[in-house]
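Okay, so here's the structure we're looking at.
When a ligand or atom number is given, it counts from 1 through the structure's own listing order. The residues of the chain are indexed from 1 along the displayed sequence.
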Amino acid sequence: MALDYAALRAAYQEHFAGQPRVFRAPGRVNLIGEHTDYNEGYVFPVAMDREVCFCVRPRDDRRIRLVALDLERAEEEFSLDALAWTPAGYWTNYVKAMAKAFEEAGYPCCGFEGVVAGDVPIAGGVSSSSAFTVAAATAFERLAGIDVDENQLILLTQVAENSATGLRGGIMDQFTARRGKRDHALLIDCRSMEYELVPMPPVTIVVIDTKRPRELATTAYNIRRAEGEEGAAVVARTVPGVKALRDVTSAQLEARRGDMLDTVYKRSRHVVTENARVLECVKVLKAGDLRGLGQLVTESHVSLRDDYKVSCDELDVVVALAWDTPGVYGARMVGAGFGGCAIALCDEAAVPALQARIAAEYPRRCGLTAEVYATRAGNGAGEVG
Ligand code: GLA
């Protein structure tokens, strides 16, 4: 799936003149490795085949003028020299925050004008915000000729997105949106920022959007982050070299269990076991062991639900329905949690049965209608030719 670029360019011509360029960035689906990135651990996501596009041309007066096609053609204009912040999460904040991050790091931006549109579900747990921020970063980078190291660019998009949302998010989403590769998953070491592209086996990734809004997610996310830091600090008192939960083994954590709050212990246990699951998952995936893959994904959900406590009834219901559908290898919630999406890994032939199952049971049990769609690993950000 890709956006209709001809329609995008036609919409541009309705509002602007001249020849635009199209910059794109995808959303992401994480196979496994949830809430490990900000604990300096491992993640194993794919870029999706859904994206956000900026169809724009540069301006020489340092002004930005944008029309959001998906927001009833809402139009905004501002100067890069007078950035005023609108309420948290407002779409232009991501563009402003991106320009600010570049310029504070010494990379001058330029103005541009055009239309933005996407098919990444907004607030659907597949990081439409990173797709948007990384697409904006790519537009600034290419239009202003910003020559910046790739990892630094990713770190700057993280700074920008965190400041636009107030979430102390990790690096996974921006990294994936930038570096994703078609039909590959990315094993990312979130400490060193080294990564490996691992070919995807013949398994279908189904996204199950619960449509449950992610209320309180930012506050709860930031609390989880602080709890992980606390768990690592307790272990560090006796184990030299521990800087983050990434450095902690299960045995070391068990040994200090009595010295920390039970909540901190459980949150830490999730992170420590999840890091191990990621590395194991890469092994089984390379061996083509789809059952082993599904088992690990399912264990990840149980750990997120019981130890990390970031699931919710709606996610648990759709995940259990998926577990119970023939042809599904495993399923779990993805992203920050408290609503949003789950994924199921299954045979392609199982998709209709899974969709039917969720359509029949989820509304009755949760009073909401889920959106269930297959996706595949797509490419990271770039310019559309
Ligand atoms: C959000 C954050 C990511 C990551 C996930 C949880 O998507 O933006 O950095 O922490 O939650 O794994």
If we set the cut-off at 4.0 Å for heavy atoms, which region of Arg28 has an atom near ligand 1: side chain, backbone, both, or neither? side chain
Tell me yes or no: between the side chains of Arg224 and Tyr38, is some donor less than 3.5 Å from an acceptor? no
Restricting to non-hydrogen atoms, name the atom on Ala331 and the atom on Trp323 that form the minimum distance, rounded to 0.1 Å. O-NE1, 3.0 Å
In terms of relative ring orientation, are Phe112 and Phe54 parallel, tilted or perpendicular, with 30° and 60° separating the classes? perpendicular
Polar proximity ligand 1 side, Gly335 side, N/O cut 3.5 Å exclusive: no
Indicate whether any N or O donor in one side chain lies under 3.5 Å from an N or O acceptor in the other, for Tyr107 and Glu141. no
Ligand 1 atoms in contact with Met172 (distance to a heavy atom under 4.0 Å): 4 (C), 5 (C), 12 (O)
Does any N or O of ligand 1 fall below 3.5 Å from an N or O anywhere on Asn30, backbone included? no
Can you list the atoms of ligand 1 that are under 4.0 Å from a heavy atom of Gly170? 9 (O)
Atom indices of ligand 1 within 4.0 angstrom of Ala336 heavy atoms, with elements: 11 (O)
Could you find the nearest protein heavy atom to atom 10 (O) of ligand 1 and give me its residue, atom name and distance? Tyr221 OH, 2.5 Å
Without hydrogens or angle criteria, can the side chains of Thr138 and Arg24 be said to hold a donor-acceptor pair below 3.5 Å? no
Going by distance alone, is a donor N or O of one side chain under 3.5 Å from an acceptor N or O of the other, for Arg225 and Tyr221? no
Exercise: do Asn39 and Thr36 side chains pair donor with acceptor under 3.5 Å: no
In terms of atom number and element, which parts of ligand 1 are under 4.0 angstrom from non-hydrogen atoms of Tyr38? 10 (O)
For Glu274 and Ser303, test the side chains for any donor-to-acceptor distance below 3.5 angstrom and give the result as yes or no. no
among protein heavy atoms, the one nearest atom 1 (C) of ligand 1 is Asp173 OD2, 3.8 Å
Of the protein's non-hydrogen atoms, which lies at the shortest distance from atom 6 (C) of ligand 1, and what is that distance? Glu34 OE2, 3.3 Å
Quick one: look up the protein heavy atom nearest atom 9 (O) of ligand 1 and list residue, atom name and how far away it is. Asp37 OD2, 2.5 Å
